[in-house]
Each structure stands twice: as C-alpha cells, then as structure tokens.
Colleague: 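Got a structure for you, questions after.
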Protein chains: 2
Amino acid sequence: MPAKRPPIPLSRERIIDAALHIADGQGLRRLTMRRLGDALQVEAMAIYHHLPRGKDALMDALAEHVTTVHVEPGESWQESARAWCRASRAALREHPGVLALALTKPPRGRAAIAIREQTDQLADAGLADAAGAVRALRAYVFGAVAVEVQQSGWAEPSGDENEPWRPPSQGGGSPGADTDFEYGLDALLAGLGRR
Amino acid sequence: MPAKRPPIPLSRERIIDAALHIADGQGLRRLTMRRLGDALQVEAMAIYHHLPRGKDALMDALAEHVTTVHVEPGESWQESARAWCRASRAALREHPGVLALALTKPPRGRAAIAIREQTDQLADAGLADAAGAVRALRAYVFGAVAVEVQQSGWAEPSGDENEPWRPPSQGGGSPGADTDFEYGLDALLAGLGRR
DNA sequence: ACCTGAACACCGTTCAAGT
DNA sequence: ACCTGAACACCGTTCAAGT
C-alpha cells in the first residue's frame, strides 16, 4: 500500500506552472481558481495565501511570465535585437493559452524591467532611437505570433478532447513560419538602422 | 406621467453594440450575460434566442465585428494595402475592450471572407504572393495596435471609476503613434514589393 | 416567435477556524 | 505561516412556461 507522500509545499512558481498548463491545455476560460486548486492538490482558497490579489494577480503573473525575456548583448545592436526577438517569439509560442493576456496587459514588474534592459542594451550598442526600436520590435513579434497561432488552428480547446497542446516547432505551425519571421525581422532591422 | 414606451425589439446587432459598449467601458471580464441583459432592458435568457450558442457565440461575433474590414481597390496594390491597414487599425483601436479576442480568435465568417477578398484584391492588382502579403500586413496591424493600446494605459478598467473609454484619436494615444504606424507601413510595403 | 422565472452547477472571494 | 470549510454573491445555461 503506497504511503501518503508528504505534500509538496505550495509556491508562487508551482501555481504559475500549473496555471500555464491548464490554460494551454484547456483554454483560458477554463482556468479557474478551483480547477487550479485541484491540479495542485489543494483547496482553491490556499492559492490566495501566495497570490493575495487572487485571480487578477494570477493573470498578471502569467502575462509577466510569458513576456519576460533576457538576452546577452550581441556583437552589434542588430544581433542583440535579433536574439531578443527570437527569444520573445519562442516564449510566446510556448504558451498560446495566455497569448491574449501577453498581447493585452501593459508590461509590469519584471516584464517592464526586461524591456528597459533591452532598450539600454540597444542604446549602449549605438542605436539612436532605442526606445522606438524596442516598441517596433515588440509590435513585430506580437503580430507575428498572433497570426501564427491563429493559423496554427489553436483555439480555446473544446474541453471534450483531452489532446494537450504541442508547440508548433514540429508539426503544428506551417513550415514557412520560421522563415517568414526571419525575413520580416531582417527587413525591420534594416529599416530601423536607416531611420 | 411618461408613457411606457414600447420596447425596441432585441436583435443580434443591438446585442453586439451593447456588448462592445460594456467591454470597452468596463473590460471584457465584466461583460456578463446578465449585465448585457440589463443594458438591453431584458432578461439575460432572452439573448440566447438571438445567439443560440450563448456567450461563445457572442465572443465570436465581437471578434468578427471588430475584425471585418472592406476597402475599395486603390490605384495600385500598395494603395489598396495601405487603405486596408489603416481601416483595420481604426477598427481595432475603436474597441480596445475586445482587442484580446480579435488578436486571438481565428478569423471566421465575414472576417474570413474579408481577408480572402483583400487577398484577391492585391493579387488582381499584380502582387505576386498576395496571401503572404496579407498575413504580413495583418501581423503588422495587430502588433502595432497591441503595443499602442498597451501604451495608451488602457487596461481592464477598475470598475470603481466610471470613466468611459475615449478612442486615442485625440488625447489618449501618444502623438507619434500615427506617424510611427505610417513609417513602419511604408517600410513593410517596400519590403513586400521587393520580395 | 420571442421573452420570462425558476432552477442547477459552477465561479471568485471573505472570513473564521484549524494546525 | 499555511491551509481548510462554510458561506455569499454572482456566473452561464437549461427548460418549462407564458404571451
């Protein structure tokens, strides 16, 4: 007879992971405090101890998580920007269930800091209007991922089916998505340089 | 003593208008079948007669509404594309409350048809990869509006305040947003021509 | 055909209480 | 400090019933 293993203590990180899993697997509409509690083997009310502002705080945390990206400075501002865009795209594609939050919530906390860092990085590398550039790069990544995920057929899963979401790196997304992304990124970087 | 005026009959259109008003004014999270019923002077259950699939159908209809754009063909494919992007941006900016739906729901119904129409229009005007171009243009508009609305400080209104949303055409958006948009659009169109 | 009223299962959140 | 249980106001949706 299996011993009752000691319960893993709840933590902000475990909560966010479980929430991402539910949102990606069943859609944001089915991400519920009670369901989240079940997934964590805990009563829903326990969550409030770690996220005092409740579901709003959870939503903010999810947007922050999927939107916070760090990248080492590259050889040029172009390479830095390229790496940052690729990382941002990867982070967003990994969790289509919270894409709506990521595109919609104003950056706060670590996400806002990461944006400032990236702006400084590009400015230090000699780019004139780094703030404008970061705005344009974020817009590009947001738009690209939005249409990509739309096209991939991802939608709030019906709930009846229990098929987990597989990131479109192999099979889900159309094969041209990567090259489309890189092509447009090249064009944008060229344009930002000339500005 | 005022006579009880005869109730305006419910219709799909009136429902959608009221829903947009609530979403823009108080945020999508507060758009509720019951609240929507109140706004329409009707019991919530009456809505199901006009939108049989209930709230899902409402969400689909909102995304479709804010995402369906028609434009007359211009002198060149560049002008057609430019007009289409401007109109799309305007439609999305007008209703920040449902932006998350618009960026996230795959185009269906009239929205899907409008996209096909625009693709044909560009192809007829001589553009080689019209489908790829429309994908890129949609991505550009989506991303631009997403960062713009984020920056404009719009967020699910707190609900305590009763300040209605004013579109950023005058006052809300930073003044550079329009020129930023046009600048990037020019660059994208140039890139699409050379491809 | 169109709308209502009552009912059901489920939701977010609070609060006092347990350990 | 961390979690539970009961409670409250509010959801989406159904269904039989009214007109």
Side-chain angles (χ1 to χ4, degrees), chain A residues 4-23 25-63 97-98 100-101 105 155-160, chain B residues 4-23 25-63 97-98 100-101 105 155-160:
Chain A
K4 184 166 58 177
R5 34 188 158 346
I8 307 160
L10 213 47
S11 72
R12 216 182 119 93
E13 205 201 345
R14 281 189 63 226
I15 293 172
I16 291 173
D17 282 355
L20 287 170
H21 189 258
I22 293 176
Q26 337 194 102
L28 200 56
R29 283 203 49 215
R30 292 177 69 87
L31 173 54
T32 257
M33 298 303 273
R34 286 164 144 104
R35 234 187 292 264
L36 186 52
D38 282 354
L40 292 163
Q41 315 251 43
V42 108
E43 295 298 316
M45 303 76 195
I47 298 167
Y48 287 82
H49 216 269
H50 299 261
L51 282 88
R53 270 175 38 261
K55 197 170 189 185
D56 280 349
L58 177 63
M59 298 304 224
D60 287 349
L62 293 177
V98 297
L101 298 177
K105 294 232 173 206
E156 309 276 285
S158 29
D160 297 335
Chain B
K4 183 167 58 177
R5 36 186 159 343
I8 307 159
L10 213 47
S11 72
R12 215 183 120 93
E13 206 201 345
R14 280 189 64 226
I15 294 172
I16 291 174
D17 281 355
L20 286 171
H21 188 258
I22 293 175
Q26 334 193 56
L28 200 56
R29 282 203 48 216
R30 291 176 70 87
L31 173 54
T32 257
M33 296 303 274
R34 285 163 145 103
R35 234 187 292 264
L36 186 51
D38 282 355
L40 292 163
Q41 315 250 46
V42 107
E43 295 298 315
M45 303 75 196
I47 298 167
Y48 287 82
H49 216 270
H50 299 262
L51 282 87
R53 271 176 37 262
K55 198 171 189 185
D56 280 348
L58 178 63
M59 299 303 223
D60 288 350
L62 294 177
V98 297
L101 298 177
K105 294 233 173 208
E156 309 277 284
S158 29
D160 295 337

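Letters A, B, ... mirror the listed sequences (proteins, then strands); counts begin at 1.
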Colleague: Between C:dA7, C:dC11, D:dC3, spot the one nearest the side chain of B:M45, thanks.
Modeller: C:dA7

Colleague: Rounded to the nearest 0.5 Å, what's the gap from CG on B:L20 to CG on B:L62? Could you check?
Modeller: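 So the gap between those two atoms works out to 5.0 Å.
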
Colleague: Mind checking B:R35 for me? I need base, sugar-phosphate or nothing, with any heavy atom below 4.0 Å counting as a touch.
Modeller: sugar-phosphate

Colleague: For the side chain of A:V42, starting at C-beta, report the closest nucleotide among C:dG12, D:dC3, D:dG12.
Modeller: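 So the nucleotide nearest the side chain must be D:dC3.
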
Colleague: Got a donor-acceptor contact below 3.5 angstrom from the B:T32 side chain to the B:R35 backbone?
Modeller: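 The answer is no, because no donor-acceptor pair under 3.5 Å joins these two groups.
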
Colleague: Just how far, in rounded Å, is C1' of D:dG12 from CE of B:M59?
Modeller: 12 Å

Colleague: Could you tell me the Watson-Crick or G-U partner of D:dG12, where both distances fall under 3.5 Å? Say none if there is no partner.
Modeller: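 WC or wobble partner is C:dC8.
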
Colleague: So which protein nitrogen or oxygen atoms get under 3.5 Å of nucleotides 16-19 of chain C's nitrogens or oxygens?
Modeller:
none

Colleague: Counting C-beta onward and ignoring hydrogens, is there a side-chain heavy-atom pair between B:M33 and B:Y48 closer than 4.5 Å?
Modeller: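 Yes, close enough: below the 4.5 Å cut-off.
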
Colleague: Please state how far atom NZ in B:K55 lies from atom P in C:dC11, giving the value in whole angstrom units.
Modeller: 14 Å

Colleague: Quickly work out the A:I47 CD1 to D:dT4 P distance and round it to whole Å.
Modeller: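 Taking CD1 of A:I47 and P of D:dT4, I get 10 Å after rounding.
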
Colleague: Classify A:M33 by what it touches in the nucleic acid, base, sugar-phosphate, or nothing, heavy-atom distance under 4.0 Å.
Modeller: sugar-phosphate

Colleague: Using atom CD of A:E43 as one end and atom P of C:dG12 as the other, report the distance to the nearest whole Å.
Modeller: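 Roughly 14 Å, once rounded to whole Å.
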
Colleague: Who does C:dA17 pair with, Watson-Crick or G-U, both distances under 3.5 Å?
Modeller: none

Colleague: Please determine whether a side-chain nitrogen or oxygen atom of A:H50 lies at a distance below 4.0 Å from atom OP1 or OP2 of D:dC3.
Modeller: yes

Colleague: Give a yes or no on whether the backbone of B:I8 and the side-chain of B:R14 come within a donor-acceptor separation of less than 3.5 Å.
Modeller: yes

Colleague: Rounding to an integer number of Å, can you tell me how far A:R12 CZ sits from D:dC2 C1'?
Modeller: 17 Å

Colleague: Short question: side chain of B:R29, backbone of A:D56 - any donor-acceptor pair under 3.5 Å?
Modeller: no

Colleague: Choosing from C:dC3, D:dG12, D:dC3, which nucleotide comes nearest the side chain of B:Y48?
Modeller: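 Selected nucleotide: D:dG12.
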
Colleague: Choose from C:dA7, D:dT4, D:dC11 the nucleotide whose nearest atom is closest to any side-chain atom of A:A46.
Modeller: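 The listed nucleotide nearest to A:A46's side chain is D:dT4.
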
Colleague: Of the listed nucleotides (C:dT4, C:dA1, D:dA6), which one gets closest to any side-chain atom of B:H49?
Modeller: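 It is C:dA1.
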
Colleague: First locate atom NE2 of B:H50, then atom CG of B:L40, and finally report the distance between them rounded to the nearest 0.5 Å.
Modeller: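 B:H50 NE2 to B:L40 CG: 9.5 Å, rounded to 0.5 Å.
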
Colleague: Could you state the atom-to-atom distance from CZ of A:R29 to C1' of D:dC11 in whole Å?
Modeller: 11 Å

Colleague: Using whole Å, report how far CZ of A:R34 lies from P of D:dA7.
Modeller: 13 Å

Colleague: Rounded to the nearest angstrom, tell me the gap between atom CZ in B:R30 and atom P in D:dC11.
Modeller: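 It works out to 8 Å between those atoms.
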
Colleague: Is the shortest side-chain N/O distance from B:T32 to OP1 or OP2 of D:dC10 below 4.0 Å?
Modeller: no

Colleague: Is there a side-chain contact between A:L101 and A:D60 in this structure, where contact means two heavy atoms from C-beta onward sitting under 4.5 Å apart?
Modeller: no

Colleague: Do B:L31 and B:Q26 touch side chain to side chain, with heavy atoms closer than 4.5 Å?
Modeller: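 With C-beta onward as the side chain, the pair stays apart.
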
